[in-house]
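Taking it in order: structure first as C-alpha cells, then the write-up.
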Number of protein chains: 2
Amino acid sequence: MNPSGRRRTTIKDVAEAAAVGVATASRVLSGTGSASATTRERVLAAAARLDYRPSALGRNLRRQHTGGIGLLLPDITDAFYSRLADGVLACAQSAGEPVMIGITGDDPEREAELIGSLLEQSVERVIAVPCGDGEMWGPAFRAGLGVVFVERRAAGRDDVPTVLADDRSGVRVAVEYLIGLGHRRIAFLARHGQSQRVRAYREALASLGMQVDEELIARAHATRDSAYAAASGLFQHRPDLTAVLAGGNMLGEVAFLAARELDLRVPRDLSLIMFDDVPWAELCSPPLTVISQPPQDMGYRAAELVLRESRRPRTVTLPTELIIRGSCAPRR
Amino acid sequence: MNPSGRRRTTIKDVAEAAAVGVATASRVLSGTGSASATTRERVLAAAARLDYRPSALGRNLRRQHTGGIGLLLPDITDAFYSRLADGVLACAQSAGEPVMIGITGDDPEREAELIGSLLEQSVERVIAVPCGDGEMWGPAFRAGLGVVFVERRAAGRDDVPTVLADDRSGVRVAVEYLIGLGHRRIAFLARHGQSQRVRAYREALASLGMQVDEELIARAHATRDSAYAAASGLFQHRPDLTAVLAGGNMLGEVAFLAARELDLRVPRDLSLIMFDDVPWAELCSPPLTVISQPPQDMGYRAAELVLRESRRPRTVTLPTELIIRGSCAPRR
DNA sequence: CTGAAAGCGCTAACAT
DNA sequence: ATGTTAGCGCTTTCAG
C-alpha cells in the first residue's frame, strides 16, 4: 500500500494478467531476450490495460546502477548557470535520464554534503561546477562515480574531464581591445575561485609589456552584496582606473550599478566589459560590451561527455567571443 | 561489482565487521529501535571505518516510497522560474530531499512524458508550473502523487494545492496607475496560458468604466521569437496605444527591444510596465517600472506545502507590488 | 536487546 | 520460447 492506499501495479500483476511467467513479462517489457509474437502481444496488452509502469527502483537495485545524473551548480539564479543547466537538461532529457540538481552556493562544505547525498541515491554520473579544492571529490571517485567538471577545474583534479570556455583568449582579446583604446589602468573584478581568469588577465597584461598592478584586482564572494562592496570599494580606492573587466554577469551588473552610484559615466569615465552575454546587455544604456561564452553548449557537451562515459579524460574548450557594443570608449 | 570494479559497502558488511546481525545494524544506523550502548558503539565505529553509506535504493524499495521531489518548469532560463527553482531547492535541500528537475517548454506532451518519468522513478511529490489542461495529470493523481502547482493552475484541477502570486491585484494596481497618468489605450502583452492575468486586466479596465479593446491584447508563445513578433506586431498595428503591460520579464524585454526598434521612446511615446522585478530592471534606461512577485518565496512555500503533505487542498496567494521607476509617464 | 528471515520490484542465470 | 529462482540493500515482523 502506498500513501494513496493503492498498490502499485507490478510486473507480477502483468505476468499474471497475461498468464505468463514474470521472466517472460520482463523480457518483452524491457525489450531484452526473445518471445513469440503472441506472447509479446498478450504481455503488452496486459501492461497497457493495467497501466503498468516499470519501477526504476526495482530495476536499479537489481542492476546495481541508476543512470541518473547529478548536477551541482553554485547558483541557479545566475543567468550563466541557469543556461548551463538548460543545456545539461536538454541533453539528459533527450537521453531519457533523470537529473538531480543541487545548489552549492560555492560552499565546499555544501558541495561535500551534496556529493554524499548523490552517492546515497546511487547516482552514478555527476556534472559539477566544483568549488573549493579537489578534496571533497575523494569519496565520489572512490565510489566509481563518473564526473565531469564544467566552467572550472578543481585543484588537484586535472585528470577529470572538463568543459571549459576559452577564458584566456576571451580575456586577452578584451584586454587588447581596451589597451587599443588607450587604457592603461584596467581593473579586474573577480569572484573568488576565478583564478584562471585572473591568471589570463595577468598574462595578457604582461605579454603586452605592462605592469600588473595587484591593487587593481578586486575579489568578491559569490553573493551580490559582496560583489557590490568589492566593485564600489575598487572604484573609490582607485579613482585613477579607466576601465574594468568583470568576471561574470553578476559582477558586471554590480559594477554598472556601483559606477552609477559614484557618478562615473559609462563609457565616458569608465569603460566596462563583462563576461557573459545576457539578454539585458543590449537593453541597458549604454549597451554592454561583453565576452560571450556559450553556456548551453557547455552544459550540453558536459552531459554528452558524462553520458558517453568515455573512460579516458578528455577536456573540451569552447570559444569565447568579444561582442562590442557601447560600454567602452577611448581613454580621454 | 559496480562499473568501477569495487563493490559498494553494504549494511551486511557493517554488521559483519561489528559482529552483529544485519537487523541490529539497521536499527542503530537508522536510529530506529533500541540497542545497547556498546553495540551501538561498535556498529557506528564499523560504519565509519568502512565509510558506509546507506543505499537509498534499498531503503526506498523496501519502504515503498522515495521521498524525492520532482520539479517541472517551463523554462529554467527565465529569471522568474530560475528563482522559483532556487526557492524550491532551498527548502528541499534543508529538508534533505533530493529534487529532480524537468523542463516542459510549456508543452503538454513533454509535461506528460516527464510525469511518466517521475512516476517511474517512484518520486512521490511534485511541484509544477502546469501547462495545458489538467488532463495530463490524471496518471499522477491515480498513482497517489502529492502535487502542488505554482504560479498557475491547471484547468479542471482546482482542488490541487497551489501557490499563486496575487496577479489580480498586481494588474489592477498597474492599470489604475496607468489610467491615473492619463492613458486610455493600454495594451496587454501576454503569453498563451496567462488567462488569469488577462482576465484581471479585463476586470480592472471594466471596473474603471472603460471598454476592453480586444485588439490590444496580444498573445505570444513561450519563445523569445514569438514574443518579439507579438510585441512588434502590436506596436505597428496599433500605433495609437500609449501604454503596455507585459505579462512577464521575457515579454517586457522584447517589448522594450521592439519599441526601440520602432523608434518609440520609453516613456515619452510609450509607457511600459512589466511583471517580475529582475535585477536588470533598474539597469536599463529608463529603469523599468515593474509588478514584482516573490519567486523564491513562492518556490519555498510550494516546497513546504508538498513536503508537509497536508491532505486538504490549500492554496496560498503571495502579494505583488508595483515598483515605480522610470518607464511610465503621463500621456502627452 | 538481538538475530533470522521474509520480501519490496525487478532481472539474469539456469533449467526446461 | 518460457518458467523458476536467487538476490540486489534494506527494513521490519517475529522469535528468542
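This structure is a prediction, so every number in the text was calculated from the model and none was measured. Here is the naming used below: chain letters follow the sequence lines, and residue numbers restart at 1 for every chain.
- Donor-acceptor pairing under 3.5 Å is lacking for the side chains of A:Thr162 and A:Arg314.
- Legend: side-chain hydrogen bond (donor to acceptor under 3.5 Å, both in side chains) pairs involving residues 145-154 of chain A, not counting sequence neighbours, sorted by first then second residue: A:Tyr81-A:Glu151, A:Tyr81-A:Arg152, A:Asp106-A:Arg152.
- Checking the phosphate oxygens (OP1, OP2) of C:dT2, no side-chain nitrogen or oxygen of B:Ser34 falls inside 4.0 Å.
- Look at B:Ser36 and you'll find a side-chain N or O under 4.0 angstrom from OP1 or OP2 of C:dT2.
- One distance of note links OG of B:Ser122 with CG of B:Leu61; it measures 8.5 Å at 0.5 Å rounding.
- Taking every heavy atom of both residues into account, B:Gln93 and A:Ile101 meet most closely at NE2-O, 4.4 Å.
- Few gaps surround CD on B:Gln296; more than 12 heavy atoms of other groups in view lie less than 6.0 Å from it.
- The separation between B:His65 atom NE2 and D:dT11 atom C1' is 11 Å, rounded to whole Å.
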task = List the protein contact pattern of nucleotides 8-16 of chain C with one symbol per nucleotide (5' to 3'): B for base contact, S for sugar-phosphate-only contact, - for none; contact means a heavy-atom distance under 4.0 Å.
result = BBBBBB---

